[in-house]
Amino acid sequence: MNETARHKYNSGIIGNCAYIAHIENDTNVNWLCWPSFQDSFVFGGLLDKKLGGTFRILPHEETINSKQFYLENTNILCTEIETKDGVYQVTDFAPRFEQYERYYKPLTLIRKIEPMRGNPKIRVICEPTYEYGGKSFHKYRGSNHVQFEMEHIKIRLATNMPISHFFDDNTHVLSQPIYLILTYGSPFEAPIARTAEDFLLRTKEYWYKWVKNASVPAFYQKEVIRSALTLKMHQYEDTGAIIAASTTSLPEYPGSGRNWDYRFCWLRDSYYVLTALSHLGQFEEMEKYASYIANITQNDTGRLQPLYGIMGQSDLEEYTIPYLDGYLGNKPIRVGNQASEHIQNDVYGQALIALLPLFSDHRFRHQNLHAAKSWTHLILQKMTQTIDEKDAGIWEFRNFQNRHCYSNLFQWAGATAALKIAKQYGFEDIEEQANTIRIQAEKHIESCYDSEKQVYTNASESQSLDASTLQLIMMGYLDPSSEKAKKHLQQLEKELKGKHGLFYRYLHKDDFGKPKSTFLVCAFWYVEALACVGRLEEAQDVFKQLLSFANHLMLFSEDVHEDDGSQWGNFPQAYSHVGLINAAYRIAVKLDKPTFFDSLYE
């Protein structure tokens, strides 16, 4: 691959489970949505350099070199800028630590600027915006702060830097640490330097403790830790929801029109996310997320949607913003997601199998005994009503429906999970209902089998292949040691495997033509499938290759172009990191390092 031709996202993220901010390697905050993941950006230079606002620490002289790195085992990001005048470092973090027996996670961004060598001169520019760049803030001078106001919204920048600096064009000679504390809604009125240092220390200690308490295998431990820390930031702690990504409208490939808003929680992905959290031993996050899913499934008496808002909202109307330039000129800019209106029938099985540990793991059963039968019966009823339907499938086709193999697989898996619950609790009626669904789901799955090619297609009455059917092996529908599983994998490889271990979702035409980039989580599924069928050395080799598709901070996008390894799609993609964690654990298990979760389906 030509390294110089690679397109990589040149930013890292910080967050505290209330918000996520993207920091470019030139110090600019190019993406930050406040007060929540789903609100307008305050800084959105990622989608428009002019209308997106800016918050950067510029050097007076030309930058000779810049580098970014995380403080090890934390979500605290450092950006070092070198000029001929000297070197300075910006340390960015979102405060998060335990206080008063709960987590303190304010809408506060803290930036520490310190000279590392010489006498660098800097210029700080802070210009927030709102309504997706459609409205500007009024800027007011305070005694030790700058106030930004627009209608009911107030943002304050408290600092020990001269306030006049933000109202003229003078540079500032950096001779001692400077602190910039940006808050939303509530003003920051504590001692600036002392409080910032205290928050930095306590946030650092919080992340150290979180990582220390995680169950991380020796297999590529550093990479698993970074993915775990990234996944953690994508949880909205107030409700437990985990978003797919903090961004919207970053294209799957230039000019493709595949620009989606991913700031929502997909029920489908709950199984993979909860598996990863279980592998990590992070039960607090797992319980919060499971509670979010359970609340939605119990409160939504009708058909379950594929995705919901972080507060559980069902109305995610999609619209476009015509006046923003878009990332590298790519339009449309979408807010909301029309896929919330789709019929995707795998969600019922996904919900059941995702929450299985809460009903079958003895560490949680005492909390959930009262709900085991009613909740399981509720989901099985929804499955009974939808099992014979066609749907939009995992890839959310907008203009056509099929009876998808993947959807029926998770109905089969959900029914299998319900059987496990029924047997543990002695629910004979649930057992009978689950068996009926399981048999019907198996019938639909087998209707997708092409006996001539010895492969399962994406849907009944279809000849197209789909990477999601790798799950037939990973979920145990196909015995991984069987010739049928091995032949199925070989056929998928033959058609969908790209260069360097990358994998396409599918290669048939959809609503937007043929896909031009690979889907990274599918490549990690491929690693898992290789490990399952006993091709362990290949699994390890492909896993190692996939690590090269991260950016400079080991952050992964949604999509990768196989020719040059370019990153595309929303970034960072939580489920790419989930894929890495689960693939690492699958290999670790095969290397005789089992985890509790693997016993749940025995």
Side-chain angles (χ1 to χ4, degrees), residues 14 16 18-24 26-36 39-60 90-95 104-113 121-200 323-324:
I14 61 170
N16 61 3
Y19 77 87
I20 288 176
H22 293 232
I23 318 293
E24 286 184 288
D26 66 354
T27 76
N28 186 38
V29 181
N30 69 357
W31 189 258
L32 168 59
C33 296
W34 265 354
S36 79
D39 290 297
S40 167
F41 59 70
V42 174
F43 301 109
L46 197 60
L47 294 183
D48 195 298
K49 298 294 184 185
K50 294 179 180 178
L51 297 178
T54 186
F55 189 11
R56 69 182 72 213
I57 298 99
L58 295 167
H60 177 62
V90 180
T91 301
D92 288 301
F93 70 100
Y104 181 65
K105 51 182 191 307
L107 296 179
T108 300
L109 167 62
I110 299 181
R111 318 195 74 180
K112 177 184 178 181
I113 315 164
K121 296 177 183 178
I122 62 169
R123 178 85 177 93
V124 178
I125 301 174
C126 183
E127 297 175 352
T129 184
Y130 213 65
E131 295 291 345
Y132 293 100
K135 293 185 179 180
S136 300
F137 285 87
H138 297 288
K139 185 167 69 171
Y140 301 99
R141 185 192 302 252
S143 58
N144 296 101
H145 68 268
V146 181
Q147 183 87 356
F148 301 94
E149 296 186 6
M150 190 269 293
E151 297 176 356
H152 63 288
I153 298 171
K154 294 182 180 180
I155 293 175
R156 178 177 289 195
L157 178 64
T159 181
N160 60 345
M161 195 175 190
I163 295 302
S164 58
H165 178 85
F166 297 91
F167 294 87
D168 58 37
D169 292 326
N170 295 331
T171 57
H172 180 81
V173 178
L174 195 60
S175 57
Q176 60 184 5
I178 293 294
Y179 301 90
L180 306 169
I181 302 176
L182 193 72
T183 60
Y184 181 96
S186 302
F188 183 87
E189 296 178 331
I192 290 173
R194 180 154 49 90
T195 305
E197 287 293 342
D198 176 56
F199 281 13
L200 177 58
Y323 54 81
L324 294 177

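These numbers were taken from a predicted model, which means no experiment stands behind them. Sequence positions, counted from 1, serve as the residue numbers for this chain.
Partners of S175 according to the side chain to side chain contact (heavy atoms under 4.5 Å, CB included) rule, which considers only residues two or more places apart in sequence or in another chain, do not exist here. Contacts of S36 classified as side chain to side chain donor-acceptor pair (under 3.5 Å), with partners at least two apart in sequence or in another chain: D39.
The neighbour count for K154 NZ, taken as heavy atoms of other residues, nucleotides or ligands under 6.0 Å away, does not exceed 12.
Side chains of I178 and H172 form a contact here, defined as non-hydrogen atoms less than 4.5 Å apart. Within the 4.5 Å cutoff, the side chain of L47 has heavy atoms near those of the W31 side chain. Put simply, the side chain of K135 does not reach to within 4.5 Å of the side chain of I153, judged on heavy atoms. Using a 4.5 Å heavy-atom cutoff, the side chains of T159 and V124 are not in contact. P106 is not listed as a side-chain neighbour of T183, based on a closest heavy-atom distance of 4.5 Å or more.
Not one N or O on the side chain of N28 forms a donor-acceptor pair closer than 3.5 Å with the backbone of T54. Put simply, the side chain of N30 never gets that close to the backbone of G45: no donor and acceptor are under 3.5 Å apart. Using modelled atom types, one side-chain atom of Y19 and one backbone atom of T108 make a donor-acceptor pair closer than 3.5 Å. Without hydrogens or angle criteria, R141 side chain to F167 main chain gives no donor-acceptor distance under 3.5 Å. R111 places a side-chain N or O within donor-acceptor distance of the main-chain N or O of T27, the cut-off being under 3.5 Å. Listed for the R123 side chain is a donor-acceptor partner under 3.5 Å among the backbone atoms of H165. No donor-acceptor pair under 3.5 Å is formed between the side chain of S136 and the backbone N or O of T129.
Distance NE2/H22 to CG/L32: 9.0 Å, rounded to 0.5 Å. The structure places CZ of F43 at 9.0 Å from CD of E127, a figure rounded to the nearest 0.5 Å.
Applying the salt bridge (charged side-chain N to carboxylate O under 4.0 Å, His left out) rule to pairs touching residues 187-200 yields K112-E197, D198-R202, sequence neighbours excluded.
Partner F55 forms a side chain to side chain contact (heavy atoms under 4.5 Å, CB included) with one of I23, L109, I125 and no other, that one being L109.
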message: Using the rule given for ring pair (Phe, Tyr, Trp, His ring centres under 6.0 Å), can you reason through F93 versus F199, listing the C-alpha separation, both sets of side-chain angles and the distance that settles it, and then say yes or no?
response: CA-CA 9 Å; F93 70 100; F199 281 13; 7.7 Å; no
message: W34 vs L182, test: side-chain contact (heavy atoms from CB on, under 4.5 Å). Steps then yes/no.
response: CA-CA 12 Å; W34 265 354; L182 193 72; 4.0 Å; yes
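Considering every non-hydrogen atom in both R156 and F188, the closest pair reads CD-N, 4.2 Å.
Using a 30° and 60° split on the angle between ring planes, F41 and Y132 fall in the perpendicular class, above 60°.
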